[in-house]
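Letters A, B, ... mirror the listed sequences (proteins, then strands); counts begin at 1.
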Amino acid sequence: MPVIPEETHDSPLYRMRHSLSHVLAQAVQELYPGTLLGFGPPIDDGFYYDFVLPKPIGPEDLPAIEERMRAIIAAAQPFHHDDLEPEEAYARIAGMNEPHKAEYARELVAKRGVERIGFYRNGPFLDMCEGPHVANTSELPRDGFKLHSLAGAYWRGDERNTQMTRIYAYAYPTAKEVRQRVQEIEEAKRRDHRKLGVELGLFTITEEVGKGLPLWLPAGTVLRDELEKLAREMEFKYGYQRVSTPHLTKEGLYHTSGHLPLYEAGMFPPMELDEEGDLPSASSKERSRYYLRPMNCPHHHMVFKAQKHSYRDLPLRIAEYGTVYRFERGGTLHGLTRVRGMTMNDAHIYVTPEQLEDEFISVMRMHQEYYDLFGLTNWYMRLSTWDPDDPKRAGKYVDDPESWAKTQAQATAALERMGAHYRVSPGEAAFYGPKVDFQFRTVLEKEFTVSTNQIDFAVPGRFGLTYTDRDGTERTPMCIHRAPLGTHERFVSFLIEHYGGAFPTWLAPVQVRVVPVGEKFVAWGREIEAALRQHMIRAEVDDSDHTMGKKIRNAATSKVPVVAIVGEREVEARAVTIRRYGIQRQEEMGIDAFVDLIRGEIQQRRHVRE
RNA sequence: GCCGAGAUAGCUCAGUGGUAGAGCAGCUGAUUCGUAAUCAGCAGGUCGUGGGUUCAACUCCCAUUCUCGGCUCCA
């Protein structure tokens with residue numbers, strides 16, 4: 001089972017980081033008088049502090065700030081702590097001229113019932129802060145931190161608020177650990193799917209086609225095809241039927257579904273067709289608006305509606321690797337991880353209310369089966385629920401408290417019955433129901449929802465979907481939206497990083513590279529290639545006139561899982577010598593045994609490693 | 001979208017107010033090789049795009065497109 005991240009802000013390490021963040025703020029205010037303070041918490045690998053600066057600063061300014069911080073540490077300033085009653089606290093904050101602190105202090109008192117506000121002073125620097133801190137700046141490591149990046153951040157993370165400048169730092173007890181962290185990040189960058197995507201020729205994103213619209217190159221398309229093949233097999237096994245539906249639709253469909261206007265901000269603007277309408281009233285000149293679809297569900301609901309259904313048909317599972325387009329904000333686009341055009345491993349399962357819970361569990365087991373196959377472990381389940389009090393999402397939920405309560409209870413029961421570890425995240429529900437999201441971390445430790453399993457109690461009713469029950473009455477089914485492999489784009493980005501580009505044989509764009517030792521052996525290499533290709537194995541002979549060492553190097557840098565070497569010995573024995581990616585030991589075997597070995601490995605989707 | 005940084009050959013990068021360079025990849029030739037880089041030659045860029053300043057712009061200024069870091073881990 002996946003690990004649920006732990007957090008504690010009370011350890012000596014966090015205390016040190018938190019104190020360093022005050023030293024940072026002090027240094028910045030000394031260097032840039034007039035700087036206003038935001039928040040400055042410890043984080044998993046250091047700390048940050050948010051500022052409103054009197055003038056913009058750049059990365060070139062960071063060394064000077066670090067130097068000032070070291071001077072403050074060397075000055076051995078003791079931290080003094082006191083707690084004040086609200087009125088005294090307000091008075092003191094007024095003297096500090098820190099509007100953000102003032103706002104937060106009042107909120108703490110008004111909304112959270114805090115009775116005393118904490119302050120910490122070291123040297124000339126005073127901050128409103130809960131603490132805890134070290135006793136004296138001299139306890140802080142002079143070389144145990146490094147300011148590493150500068151970023152924009154909104155006060156309280158809300159874009160309607162002031163934009164602040166955030167300074168991030170790594171912080172550890174020793175300089176050595178800081179260096180290790182820097183190395184870790186560098187190592188992670190080597191696995192970054194955007195870098196490997198270029199190196200391995202998997203995909204490209206061009207200015208001409210548009211941002212967030214990746215083009216899959218031949219090698220990357222192999223990955224997609226293999227995933228689709230896997231999904232077809234798995235879904236067949238679990239009783240799904242496949243459908244195929246268009247990428248756009250008329251506006252009305254989204255009024256029915258409720259995506260308009262609720263989801264409009266996430267959609268590409270409509271295409272306006274100023275022409276004779278195709279509505280029944282032939283005389284009326286209608287303006288038809290078409291949208292690129294941001295979701296597949298309305299199309300699938302229409303598939304359900306096209307035929308009459310009995311309770312005997314349920315659960316009815318319809319699946320499609322459906323392409324959708326979402327207008328994600330420019331600044332959030334990120335390689336393949338967040339894009340504007342994506343193809344989703346989607347399915348909609350229509351169930352009776354009684355079937356909902358079992359089917360929901362069955363879907364979650366399917367998710368696990370997939371992740372086990374890939375050896376993915378850095379994920380956890382998140383129960384995303386309705387939060388009627390969240391002001392940011394006001395009006396963004398279907399208004400039906402009773403159904404929310406009921407389906408959330410069912411989702412919780414399903415998770416409990418599975419014995420799952422999960423976290424609850426209020427306010428993250430879909431507009432039509434609660435969901436279980438499968439949260440993954442990229443190599444650079446950013447968390448994304450890779451896949452999701454959702455309950456929909458609302459939309460089938462809006463579409464007038466029905467099935468005939470045992471007693472002859474027409475009833476509305478519930479719907480489960482699920483996408484265990486998420487989208488090709490995001491899922492492949494995680495696979496690239498997970499495998500560091502060295503895919504298991506079944507996924508690898510080139511599965512076997514045949515390397516003839518010299519020109520004389522190319523013919524035998526071709527025979528091997530042909531024998532493999534006959535079994536749909538992606539094999540190719542390296543018939544370049546490079547030296548053998550170079551050919552082996554080329555196979556290694558392109559991370560081909562199996563290299564088959566052929567020379568004098570192998571020709572005589574009708575054999576190959578195989579060398580696997582990342583494995584030292586080599587093995588010579590007859591051609592038939594070799595073909596069988598690779599076929600079996602691919603068929604079972606085995607990942608052969610040292 | 002917003003704040004900050006950036007964009008030079010297919011890739012990685014150097015360069016500078018006087019008109020662009022390297023390595024790898026590519027192409028050609030020689031080499032035919034037993035386990036991670038054989039040698040030589042050639043070719044490749046309106047320096048993201050559009051304006052402006054200047055005798056002169058890849059370099060300075062403005063705009064624009066795209067990319068990168070970040071945008072509640074909360075006193």
Side-chain angles (χ1 to χ4, degrees), chain A residues 5 7-9 14 17-18 21-22 37-48 50 52-53 56-61 89 93 98 100-109 112 114 117-120 127-131 148-168 189 192 194-195 198-199 201 204-212 265 327-335 392 444-447 515-522 543-557 563 565-570 577 579 584 586:
Chain A
E7 280 158 30
T8 161
H9 281 226
Y14 273 71
R17 287 171 173 165
H18 196 175
S21 89
H22 279 224
L37 304 178
F39 290 144
I43 55 177
D44 283 344
D45 61 1
F47 59 91
Y48 68 78
D50 290 337
V52 178
L53 293 161
I57 61 169
E60 66 281 0
D61 298 308
I93 294 163
E98 290 289 355
H100 301 103
K101 299 283 176 185
E103 175 192 319
Y104 193 61
R106 288 180 193 280
E107 180 184 318
L108 284 173
V109 173
R112 303 226 203 142
V114 170
I117 304 284
F119 291 87
Y120 277 83
D127 196 359
M128 178 182 106
C129 175
E130 186 181 30
H148 64 86
S149 57
L150 217 48
Y154 298 100
W155 168 242
R156 316 295 307 270
D158 188 329
E159 67 189 35
R160 290 167 299 193
N161 293 339
T162 314
Q163 173 102 42
M164 311 181 91
T165 302
R166 176 171 297 179
I167 299 179
Y168 277 100
K189 283 181 183 161
D192 189 317
R194 292 166 299 183
K195 188 174 164 62
V198 173
E199 288 171 6
T204 184
I205 300 176
T206 70
E207 199 174 324
E208 291 85 346
V209 173
K211 55 175 162 184
F327 196 75
E328 302 285 355
R329 308 155 99 206
T332 63
L333 299 175
H334 182 87
K392 279 191 234 168
L444 290 167
E445 295 163 15
K446 293 212 311 184
E447 184 177 312
V515 172
V517 166
E519 198 176 1
K520 283 181 291 196
F521 314 109
V522 168
D543 59 359
S544 65
D545 61 357
H546 287 128
T547 58
M548 184 195 180
K550 177 69 174 214
K551 291 181 196 177
I552 294 205
R553 180 182 154 81
N554 284 345
T557 53
V563 176
I565 294 156
V566 292
E568 184 88 47
R569 280 205 315 268
E570 288 80 4
T577 294
R579 179 187 160 117
Q584 286 305 311
Q586 302 192 147

If you measure from the P atom in A14(B) to the same atom in G4(B), how many Å do you get, rounded?
24 Å
Could you state the NZ-P distance from K446(A) to C68(B), rounded to the nearest angstrom?
10 Å
Using a heavy-atom cut-off of 4.0 Å across all strands, would you classify E208(A) as base, sugar-phosphate, or nothing?
nothing
Between the side chain of R194(A) and the main-chain N/O of H334(A), is any donor-acceptor distance below 3.5 Å?
no
Ion pair check, R160(A) and D158(A), cut-off under 4.0 Å:
yes
N161(A) has an atom CG; how far is it from atom P of C3(B), in whole Å?
15 Å
More 5' along RNA chain B: R194(A) or E60(A), using each one's nearest nucleotide?
E60(A)
Please report the distance separating the P of U67(B) from the corresponding atom of G52(B), rounded so that it comes out in whole Å.
28 Å
Is it the case that the side chain of K101(A) and the backbone of D127(A) share a donor-acceptor pair, with hydrogens and angles ignored and the cut-off at 3.5 Å?
no
Exercise: identify the closest heavy-atom pair between H18(A) and S21(A)
O-OG, 2.9 Å
In terms of side-chain heavy atoms of Y154(A), which of C71(B), G69(B), A5(B) is nearest?
C71(B)
So which atom in H546(A) and which in N554(A) form the shortest heavy-atom distance, rounded to 0.1 Å?
ND1-ND2, 4.0 Å
What's the closest nucleotide to the E107(A) side chain, out of C74(B), U35(B), G69(B)?
C74(B)
For U32(B) and K551(A) - does any side-chain N or O of the residue sit under 4.0 Å from the phosphate oxygens OP1/OP2?
no
Considering every strand and a 4.0 Å limit on heavy-atom distances, what is the contact class for Y168(A): base, sugar-phosphate, or nothing?
sugar-phosphate
Could you list all N or O pairs between the protein and nucleotides 36-45 of chain B that sit under 3.5 Å apart?
from: A37(B); atom 1: N7; to: R553(A); atom 2: NH1; distance (Å): 3.2
from: A37(B); atom 1: N6; to: R553(A); atom 2: NH2; distance (Å): 2.7
from: A37(B); atom 1: N1; to: R553(A); atom 2: NH2; distance (Å): 3.0
from: U38(B); atom 1: OP2; to: T547(A); atom 2: OG1; distance (Å): 2.8

For a quick test of reading the model, state the closest non-hydrogen atom pair linking H22(A) to Y120(A) and the distance between them.
CE1-CB, 4.2 Å
To check you understand the geometry: which heavy-atom pair defines the closest contact between A555(A) and V563(A), and what is its length?
CB-CG2, 3.6 Å
Given atom CG of L333(A) and atom P of U67(B), what is their separation to the nearest angstrom?
6 Å
Is the phosphate of C3(B) approached by R166(A) (side-chain N or O, under 4.0 Å from OP1 or OP2)?
no
Between U19(B) and C58(B), how far apart are the C1' atoms? Round to whole Å, please.
9 Å
Contacts of A153(A) and Q586(A) projected onto RNA chain B by closest heavy atom; the upstream (5') one is Q586(A)
Check the surroundings of atom CD in E60(A): do more than 12 heavy atoms from other residues, nucleotides or ligands lie under 6.0 Å from it?
yes
Verify the contact: side-chain N or O of K520(A) to OP1 or OP2 of U32(B), cut-off strictly under 4.0 Å; return yes or no.
no
Heavy-atom nearest pair, N161(A) first then Y154(A), reads O-CD2, 3.6 Å
When rounded to the nearest Å, what value does the distance between P atoms of U59(B) and C47(B) take?
9 Å
Classify the nucleic acid contact of T577(A) as base, sugar-phosphate or nothing, counting any heavy atom under 4.0 Å across all strands shown.
base
Stacked cation flag R166(A) on Y48(A), 6.0 angstrom / 45 deg
yes
Spacing of Q163(A) atom CD relative to G70(B) atom C1', expressed in whole Å:
9 Å
Using a heavy-atom cut-off of 4.0 Å across all strands, would you classify G46(A) as base, sugar-phosphate, or nothing?
nothing
Report yes if a side-chain nitrogen or oxygen of H148(A) is closer than 4.0 Å to either non-bridging phosphate oxygen (OP1 or OP2) of G69(B); otherwise report no.
no
With rounding to whole Å, what would you report as the distance between C73(B) and A25(B) at their C1' atoms?
43 Å
Mind checking R112(A) for me? I need base, sugar-phosphate or nothing, with any heavy atom below 4.0 Å counting as a touch.
base
Which of these nucleotides, G34(B), U32(B), C71(B), is closest to any side-chain atom of E570(A)?
G34(B)
Which nucleotide sits closest to the side chain of I205(A): A5(B), G70(B), U67(B)?
U67(B)
Please give, in whole Å, the distance from G70(B) C1' to F39(A) CZ?
17 Å
Which whole-number value in Å describes the distance from L53(A) CG to A5(B) P?
12 Å
Side-chain contact, heavy-atom cut-off 4.5 Å: I167(A) with I57(A)?
yes
If you look at every heavy atom in I565(A) and E570(A), which pair is closest and at what distance?
O-CG, 3.5 Å
Could you tell me how far C66(B) sits from G48(B) if I compare only their C1' atoms? Round to whole Å.
8 Å
Tell me if a side-chain donor or acceptor on T162(A) pairs with a main-chain N or O of W155(A) at a distance below 3.5 Å.
no
Considering only the P atoms, how many Å lie between U64(B) and C71(B), rounded to the nearest integer?
25 Å
Report, one pair per line, the protein and nucleotides 7-14 of chain B atoms (nitrogen or oxygen only) whose separation is under 3.5 Å.
none

Would you mind reading off the distance between E130(A) atom CD and C74(B) atom C1', rounded to a whole angstrom?
10 Å
Counting any heavy atom closer than 4.0 Å, what does R569(A) reach on the DNA or RNA strands: base, sugar-phosphate only, or nothing?
base
Spacing of the C1' atoms in C27(B) and U16(B) (rounded, Å)
31 Å
Provide, to the nearest angstrom, the distance between the CZ atom belonging to F521(A) and the P atom belonging to C33(B).
7 Å
Do F39(A) and R156(A) touch side chain to side chain, with heavy atoms closer than 4.5 Å?
yes
Non-hydrogen side-chain atoms of D44(A) and Y14(A) separated by less than 4.5 Å
yes
Treat a base pair as Watson-Crick or G-U wobble with both distances under 3.5 Å, then lay out RNA chain B in dot-bracket form, 5' to 3', with | for cross-strand pairs.
(((((((..((((....[..)))).(((((.......))))).....(((((..]....))))))))))))....
R160(A) side chain N/O closer than 4.0 Å to the phosphate oxygens (OP1, OP2) of U72(B)?
no
